[in-house]
Protein chains: 2
Amino acid sequence: MTSKQEFIEKLRNSNLRPTKQRINICEVLFNRDKTFHFTINDLFNLIKDKTGEKVSLATVYNTVHAFHKKGYLKEIPINSNQTYFDTNVTDHHHFFDVKEEKLIDLKSEDVGPIEIQKSIPGKKIKSVEVLVKLED
Amino acid sequence: MTSKQEFIEKLRNSNLRPTKQRINICEVLFNRDKTFHFTINDLFNLIKDKTGEKVSLATVYNTVHAFHKKGYLKEIPINSNQTYFDTNVTDHHHFFDVKEEKLIDLKSEDVGPIEIQKSIPGKKIKSVEVLVKLED
DNA sequence: AATCTTCTTTAGAATAATTATAAACAACGA
DNA sequence: TCGTTGTTTATAATTATTCTAAAGAAGATT
Ligand SMILES: [Mn+2]
Ligand SMILES: [Mn+2]
Ligand SMILES: [Zn+2]
Ligand SMILES: [Zn+2]
């Protein structure tokens, strides 16, 4: 499988040695067709389910944060008791289904360009994110 | 002072009896010119500073959540270790100065109307919020 | 005002997400 | 293979938030 080499590359780029545990984490994170929105706990449970091997929670946290720092994962701002991450690291917006606690990607076309008409001296814009909360 | 009557009204509308502690909380929350962005801890410390009286942390949490439920406070979605609230409960967007950890209001005109061109069957839009992160 | 009922305050305990620790272990390069 | 450096893991620590229950205050009733 070619993907394992990609995982190793991602890990090396993040200054992480490619260990069995980290490859398993990559398997769950990146071996999928569509974007993946998750909490650390989601990921932790999926690793055991999908690979049959357990990885410690500390390793999951550490690896996710290394990927986040490197830019392989995005953190989505939501007020929840858990932090949400996203494998889609491009600039994009979200629906958040409050009841289901699920994130859904919005394409840029779904929202349109956002022009910020205000600026703060000495500061520049790092990101612009739209969060659309959904209810029943 | 007329404001005390307003505080009592807000408290009653929130199904809270107007106690000394809650009036002090209102004093810090609502007796100001411009919008106030805060964490529970900010508020907790300001109460002691500005009124000279201490209110227990539990009471601050309870009162803030009652106001939030009633719609007198807004919760701002940010990934921080603490939850941010806002006395400006109108629909509006924010700058977030990542370094200073400070929120700044954006007027609707500063962002322009946002038209969401996608919908999810059975769900309706509850809110649309833009968060613009600022860096140096 | 005295009394009764219901709500409130508070200190402290409980909970839960995240981070830190340090000892056993694994990857890497020589 | 050996030595070095990075990694895993169980477990403890930290921290924001919520819960608990006893003592106190507010509101209603007389
Ligand atoms: Mn996404
Ligand atoms: Mn605001
Ligand atoms: Zn991170
Ligand atoms: Zn709330």
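Naming convention: chains lettered A, B, ... in sequence-line order (proteins, then strands); numbering from 1 in each chain.
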### Message
Going by the rule ring pair (Phe, Tyr, Trp, His ring centres under 6.0 Å), which residues pair with A/H94 if we only count those two or more places apart in sequence or in a different chain?
### Response
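Only A/H37, A/H92 meet the ring pair (Phe, Tyr, Trp, His ring centres under 6.0 Å) criterion with A/H94.
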### Query
Can you list the residues that meet the ring pair (Phe, Tyr, Trp, His ring centres under 6.0 Å) rule with A/F44, with sequence neighbours excluded?
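With neighbours one apart ignored, the set is empty.
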### Side chains of B/S108 and B/D91, donor plus acceptor under 3.5 Å
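B/D91 and B/S108 do not have a side-chain donor-acceptor pair below 3.5 Å.
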### Task
Verify, without hydrogens or angle tests, whether A/S3 (side chain) and A/N31 (backbone) share a donor-acceptor contact under 3.5 angstrom.
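No, because the side chain of A/S3 does not come within donor-acceptor range (under 3.5 Å) of the backbone of A/N31.
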### Task
Would you tell me if any nitrogen or oxygen in the side chain of A/Y61 comes within less than 4.0 Å of OP1 or OP2 on C/dT18?
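The answer is yes; a side-chain N or O of A/Y61 sits under 4.0 Å from OP1 or OP2.
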### Message
Quick check on C/dT18: is either OP1 or OP2 less than 4.0 Å from any side-chain nitrogen or oxygen of A/H65?
### Response
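False: A/H65 side-chain N/O out of range (4.0 Å or more) of C/dT18 OP1/OP2.
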### Message
Let's see if you can work this out: which of D/dG27, C/dC28, C/dT19 has an atom nearest to the side-chain heavy atoms of B/P18?
### Response
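Nearest nucleotide to the side chain: D/dG27.
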### Task
Considering non-hydrogen atoms only, spot the tightest contact between A/N79 and B/P77 and give its length.
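For A/N79 and B/P77, the tightest heavy-atom pair comes out as OD1-CA, 2.7 Å.
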### Query
Which atom names give the shortest non-hydrogen contact between A/T87 and A/L29, and what distance separates them?
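What the structure gives for the nearest pair is CG2-O, 3.5 Å.
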### Message
Between B/E27 and B/R22, does any NZ, NE, NH1 or NH2 come within less than 4.0 Å of an OD or OE carboxylate oxygen?
### Response
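B/E27 and B/R22: not salt-bridged.
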Under 3.5 Å, sequence neighbours excluded: what are the donor-acceptor pairs made by side chains of residues 63-73 of chain B?
{"residue": "B/T63", "atom": "OG1", "partner": "B/T59", "partner atom": "O", "Å": "2.8"}
{"residue": "B/H65", "atom": "ND1", "partner": "B/Y61", "partner atom": "O", "Å": "3.3"}
{"residue": "B/Y72", "atom": "OH", "partner": "B/N13", "partner atom": "ND2", "Å": "2.9"}

### Query
Looking at DNA chain D, which of residues 36-48 of chain A put a heavy atom within less than 4.0 Å of it?
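Within residues 36-48 of chain A, no residue comes under 4.0 Å of DNA chain D.
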### Query
Which of residues 71-89 of chain A sit near DNA chain D, with a heavy atom under 4.0 Å from it?
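Nothing qualifies; none.
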### Task
Using the test side-chain contact (heavy atoms from CB on, under 4.5 Å), find all partners of A/D42 that sit at least two apart in sequence or belong to another chain.
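With neighbours one apart ignored, the set is A/F38, A/T39.
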### Task
May I ask you to list the residues sharing a hydrophobic cluster with B/V89, side-chain cutoff 4.5 Å, ordered by chain and number?
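Besides B/V89, the cluster holds no residue at all.
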### Task
For residues 100-136 of chain B, pull every pair meeting ring pair (Phe, Tyr, Trp, His ring centres under 6.0 Å), keeping only residues two or more places apart or in separate chains.
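Sorted pair list comes back empty.
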### Heavy-atom protein contacts under 4.0 Å, nucleotides 3-11 of chain D, coded B base, S sugar-phosphate only, - none
--BSSSBB-
### Query
Which residue pairs satisfy the side chain to side chain donor-acceptor pair (under 3.5 Å) criterion with at least one member in residues 113-126 of chain B, sequence neighbours excluded?
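Residue pairs with at least one partner in residues 113-126 of chain B: A/D97-B/K123, A/D136-B/K123.
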### Task
State the dot-bracket string of DNA chain C. Criteria: Watson-Crick or G-U wobble, both atom distances under 3.5 angstrom; notation: ( ) intrastrand, [ ] crossing earlier pairs, | interstrand, . unpaired.
||||||||||||||||||||||||||||||
### Query
Rounded to the Å, how far apart are B/N24 CG and D/dA25 P?
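Roughly 15 Å, once rounded to whole Å.
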#### Entry: All pairs passing salt bridge (Lys or Arg N to Asp or Glu O under 4.0 Å) where residues 43-56 of chain A contributes a residue, at least two apart
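Salt bridge (Lys or Arg N to Asp or Glu O under 4.0 Å) check on residues 43-56 of chain A returns A/K20-A/E53.
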